[in-house]
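All heavy atoms count here, side chains included; hydrogens, waters and symmetry mates do not. All values reported here derive from a predicted model rather than from experimental measurement.
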Amino acid sequence: MAIALDNLRVGRIYEFTNMGEKRKLEILARLSGENFKVKDLETTEVYTIEELLRWGKGKDYDLDEVIGEDFRGLVPKRF
């Protein structure tokens, strides 16, 4: 079951699936309400959640937190 966008936390890593695409995202900042600035950990691109969901949520939509030591950023970064 997908995590609600309200429950995303800055500095954490999430696995995002939508419309056949899978991405590992790090949440960089909360911009407003349910919009976040995110970094794709595989391509290092930075964009917003709104850009990812612009065309809607597919039948395969899923958003889960990655818990483990394989990724950095599980603790919020200090700016």
Validation row: Leu25, Tyr47 side chains within 4.5 angstrom (heavy atoms): yes
Minimum heavy-atom distance Arg9-Tyr14, with the two atoms named: N-OH, 3.0 Å
Asn35: partners by side-chain contact (heavy atoms from CB on, under 4.5 Å), with sequence neighbours left out: Leu31, Ser32, Thr48, Ile49, Glu50
Qualifying residues under side-chain hydrogen bond (donor to acceptor under 3.5 Å, both in side chains), relative to Glu15, sequence neighbours excluded: Lys24
Sub-4.5 Å side-chain heavy-atom contact between Leu8 and Val38: no
Closest approach of Lys37 to Val46 (non-hydrogen atoms, all atoms of both residues): CE-CG1, 3.5 Å
Residue list, side-chain contact (heavy atoms from CB on, under 4.5 Å) with Thr44, at least two apart or on another chain: Lys39
Partner set under salt bridge (Lys or Arg N to Asp or Glu O under 4.0 Å) for Glu21, not counting sequence neighbours: Arg23
Contacts of type side-chain contact (heavy atoms from CB on, under 4.5 Å), residue Lys57, not counting sequence neighbours: Asn18, Leu53, Tyr61
Nearest heavy atoms of Thr17 and Lys22, plus distance in Å: OG1-CG, 3.6 Å
Partner residues of Asp60 under the side-chain hydrogen bond (donor to acceptor under 3.5 Å, both in side chains) criterion, sequence neighbours left out: none
Euclidean distance, Ile13 CD1 relative to Ile67 CD1, rounded to 0.5 Å: 12.0 Å
